[in-house]
Amino acid sequence: MKELIANLIHTALDSLKAAGTLPVELDVQAQVDATRDKTHGDFASNIAMVLSKQARRNPRELAQAIIAALPADAAITKVEIAGPGFINFFVSSASTAEVIPSIIAAGSAFGLSQLGKGEKVQVEFVSANPTGPLHVGHGRGAAYGATLSNLMAAVGYDIQREYYVNDAGRQMNILAASVWLRYLELCGEEFTFPSNGYKGDYIRDYAAELLQRVEQAYRHPATTVFDGVPADEPAGGDKEIHIDALIDKARDLLGEDAYEVVFQLGLTRILDDIRDDLGEFGVTFNEWFSERSLTENVERAIQTLIDNGHIYEQEGALWFRSTTFGDDKDRVVKRDNGQTTYFASDIAYLQNKFERGFDRVIYVWGADHHGYIPRMKAACEALGFDPERIQIRLVQFAILYRGGERVQMSTRSGSFVTLRELRDEVGNDAARFFYVSRKAEQHMDFDLDLAKSESKDNPVYYIQYAHARICTLLQKVAAEETAFDQARGLNNLSLLEQEAEKDLMQKLARYPEALENAAVNGDPHILAHYLRELAGDFHTYYNAHRMLLEDVNLRDARLVLSQAVRQVVANGLSLLGVSAPESM
RNA sequence: GCGCUUGUAGCUCAAUCGGAUAGAGCAUCGGCCUUCUAAGCCGAGGGUUGCAGGUUCGAGUCCUGCCAGGCGCGCCA
């Protein structure tokens, strides 16, 4: 409909140009928007105001001229000038109703488009360090990334979902050491567990598994293990130095092979757990990409930067001159001790992504990482790629509230709420919906009581309830003497003359647009809000008018409208990863 | 200190590339169940869009300054 109106306007402009009313060189894309206010018709264009300066005529006068030149069309019943020079279009109810047969015909495919033209886009998200269970902060990134991927796939992008497994860093060695130390405790050794080790109960589980598998083979006396290890922080030392020394000890005493067994056990168990957790949350990946697999790529990436002239040496280290591309300061990629930095891995990973043929790569990061954007963009450009091909979406943490009180979380005491706990408490549907119901880069307050409540206050239930109500209706009518006949409904759409019916049809017609906006802007909340509004319109309609009437023509027309609503609600919820129950 | 970011109704949030009288929900108050699910509906009140300038036909939206909150500024990962 928008396109139709835009075409009509362009035709009018062309004829005005031909008549000499407008300069021929004028070239503007007509903007047509759905109106917010019904008294402004169904669609409005600001074309007259935009052109008024170039055309040297006042907007209302110009609007009048455009309207006069507008070709007639059966779909448009009335055109008006309003306000400072808006042209308002009123659409015939017959043409408004056309959305219903198209929804029924398209079914679950309604709203899909080819906007993305098959562009290959990778979305990398979550990518939490595999050192423990996911917490609620990761949950928002997971929900956002998964939904963004769904939305983009729905509008025609070729999406690849990826999790970057940080299995190469120091944190992983701390994890391995923690597992081994817990194992030693189970063997009967006595010592003080390092303050910087991982203290979660899951570590004890892995240790128990290790004990079962290797029995006493990896046991060493605590005195040997702690011999020569600098004091821990509570004992007046440095916790970082302490844990690093213990890691070295573990490697020494176990040897690389056994150390690797411990390391892999911890890594594998945690990844399995994360995979299960996310799977239950409806979040899946095409690829779990290991940082360790990148080792050769890192040297090659650095070489690429050297070849491109963006690396210099200073004080024994290799520096990437990222300031060339607008970063605050230059960054080290290889330390004076020969080790490459984490950032160097990121550069290698980026190069690897483009080598795999992605046209565009999207990173979903916690908002606390925003300081890394300039250097990643710089790296992209220095590698020789257009920096527009990487996009970084920031997701803010959610603050949980229970009983009106903020739920305290601190990583230090290990008292963070896990994603699994959240899912157990409020359910997957509520968690998925709540996470994406706010703009991603916005702080959000997550009200646990609201997410659990079974009332209209809870937008998830509100939307699902609309779906369930319609399913129940359709079930009920199946028991009537005269069965529901979809074709009869479609043939009698002209009977839908109520205001609420027109509102509903117009809302339905806007679904593809809401979906596209949400996908292109990376704003799933647009779809969430749309569904809330659609459900609201349906509840209003349902309360104001009866469906199961004697007059089967009207009855089936209303039911087919309801069916269309049900379909769109189901399609939208599915993209959000929320179920659409048939009864509640 | 420098940089990024946010500031909209009592609360949580919207506002389609800069468009018309800034909208929902919650909370408050008042109505609606012998009829398809009241997990619902209808109505009322509630605003100097942090403050001050600027850009223009038009600014919550863009620019500048200030105020307030959040985050980031390692040869850490």
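Sequence lines set the chain letters: A, B, ... in the order given, protein chains first and strands last, and positions in each chain run from 1. Every heavy atom of this structure was used, including side-chain atoms; hydrogens, water molecules and symmetry mates were not.
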For [N], take OP1 and OP2 only and decide whether either is under 4.0 Å from a side-chain N or O of [X].
X: A/S437; N: B/C13; value: no
X: A/K439; N: B/A15; value: yes
X: A/Y462; N: B/C41; value: yes
X: A/H529; N: B/G25; value: no
X: A/R469; N: B/A38; value: yes

Counting C-beta onward and ignoring hydrogens, is there a side-chain heavy-atom pair between A/F538 and A/K507 closer than 4.5 Å?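 A/F538 does not reach A/K507 side chain to side chain.
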
Counting the atoms with a prime plus P, OP1 and OP2 as sugar-phosphate, which does [X] contact under 4.0 Å by heavy atoms, base, sugar-phosphate, or nothing?
X: A/H525; result: sugar-phosphate
X: A/Q314; result: base
X: A/M172; result: nothing
X: A/R170; result: sugar-phosphate
X: A/T540; result: sugar-phosphate
X: A/N88; result: base
X: A/S583; result: base
X: A/A168; result: nothing
X: A/H467; result: nothing
X: A/A544; result: nothing

Please state whether the rings of A/Y435 and A/F446 are parallel, tilted or perpendicular, taking 30° and 60° as the class boundaries.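 Perpendicular.
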
Can you tell me how the ring of A/Y462 sits relative to the ring of A/H539, calling it parallel under 30°, perpendicular over 60° and tilted otherwise?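 Because their plane-to-plane angle is over 60°, the rings of A/Y462 and A/H539 count as perpendicular.
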
Quick check on B/C11: syn or anti? Syn means the glycosidic torsion is within 90 degrees of zero.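 The base of B/C11 is oriented anti (glycosidic angle more than 90° from 0).
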
Who does [N] pair with, Watson-Crick or G-U, both distances under 3.5 Å?
N: B/C4; result: B/G70
N: B/C26; result: B/G10
N: B/U56; result: none
N: B/C75; result: none
N: B/U35; result: none

Roughly how many Å apart are [M] and [N], using the [atom1] atom of each and rounding to a whole number?
N: B/A22; M: B/U5; atom1: C1'; value: 23 Å
N: B/G47; M: B/G70; atom1: P; value: 28 Å
N: B/A27; M: B/C67; atom1: P; value: 39 Å
N: B/C71; M: B/C32; atom1: C1'; value: 49 Å
N: B/C51; M: B/C11; atom1: P; value: 15 Å
N: B/C36; M: B/A24; atom1: C1'; value: 27 Å
N: B/C41; M: B/A59; atom1: C1'; value: 37 Å
N: B/A15; M: B/U8; atom1: C1'; value: 10 Å

Checking side-chain polar atoms at under 3.5 Å, does A/E501 have a donor or acceptor matched by the opposite partner on A/Y541?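 On atom types as modelled, these side chains qualify, holding a pair under 3.5 Å.
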
In whole angstroms, how far is the [atom2] atom of [N] from the [atom1] atom of [X]?
X: A/D556; N: B/C36; atom1: CG; atom2: C1'; answer: 14 Å
X: A/Y461; N: B/C26; atom1: OH; atom2: P; answer: 17 Å
X: A/L450; N: B/A27; atom1: CG; atom2: C1'; answer: 12 Å
X: A/E481; N: B/C36; atom1: CD; atom2: C1'; answer: 16 Å
X: A/R532; N: B/A14; atom1: CZ; atom2: P; answer: 15 Å
X: A/H539; N: B/A39; atom1: NE2; atom2: P; answer: 11 Å
X: A/F320; N: B/G74; atom1: CZ; atom2: C1'; answer: 18 Å
X: A/R375; N: B/C75; atom1: CZ; atom2: C1'; answer: 13 Å

Side chain to side chain donor-acceptor pair (under 3.5 Å) between A/D330 and A/Y312, worked out: CA-CA 10 Å; A/D330 293 339; A/Y312 62 94; 2.7 Å; yes

Of all the nucleotides listed ([options]), which has the minimum atom distance to the side chain of [X]?
X: A/T35; options: B/A20, B/G19, B/C36; value: B/A20
X: A/E315; options: B/A38, B/C75, B/U35; value: B/C75
X: A/K329; options: B/C13, B/C73, B/C36; value: B/C73

Taking the nucleotide of RNA chain B with the nearest heavy atom to each, does A/A440 or A/L548 sit closer to the 5' end?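 Between the two, 5'-proximity favours A/A440.
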
Tell me which of A/N129 and A/M584 sits closer to the 5' end of RNA chain B, going by the nucleotide each one is nearest to.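 Taking each residue's closest nucleotide, the earlier one in sequence belongs to A/M584.
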
Identify whether a stacking contact exists between A/F86 and B/G19, where the ring centres must be under 5.5 Å apart and the planes under 30° apart.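 No, A/F86 does not stack on the base of B/G19, since the centre distance and plane angle fail the 5.5 Å and 30° test.
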
For nucleotides 3-10 of chain B, 5' to 3', base contacts (B), sugar-phosphate-only contacts (S) and non-contacts (-) with protein non-hydrogen atoms under 4.0 Å give BB-SS---

With ring-ring contact (aromatic ring centres under 6.0 Å, His included) as the criterion, how do A/F325 and A/H310 come out once you've worked through the C-alpha distance, each side chain's angles and the decisive distance to 0.1 Å? CA-CA 10 Å; A/F325 307 100; A/H310 301 301; 5.0 Å; yes

Close residues, residues 36-47 of chain A, relative to RNA chain B [heavy-atom separation under 4.0 Å]: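 Heavy-atom contacts with RNA chain B come from A/R36, A/H40, A/A44, A/N46.
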
Which residues in residues 498-517 of chain A have a heavy atom closer than 4.0 Å to any atom of RNA chain B?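 A/E513, A/N517 - these, ordered by number, are the residues of the stretch whose heavy atoms sit under 4.0 Å from the strand.
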
Cation-pi geometry met for A/R140 and A/F397 (6.0 Å, 45°):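 No cation-pi geometry.
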
For A/P387 and A/C380, work out which heavy atoms get closest and say how close.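 Minimum heavy-atom contact is CA-SG, 3.8 Å.
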
Run A/V569 and A/R566 through side-chain contact (heavy atoms from CB on, under 4.5 Å) and show every step you take. CA-CA 5 Å; A/V569 169; A/R566 189 203 63 74; 5.9 Å; no

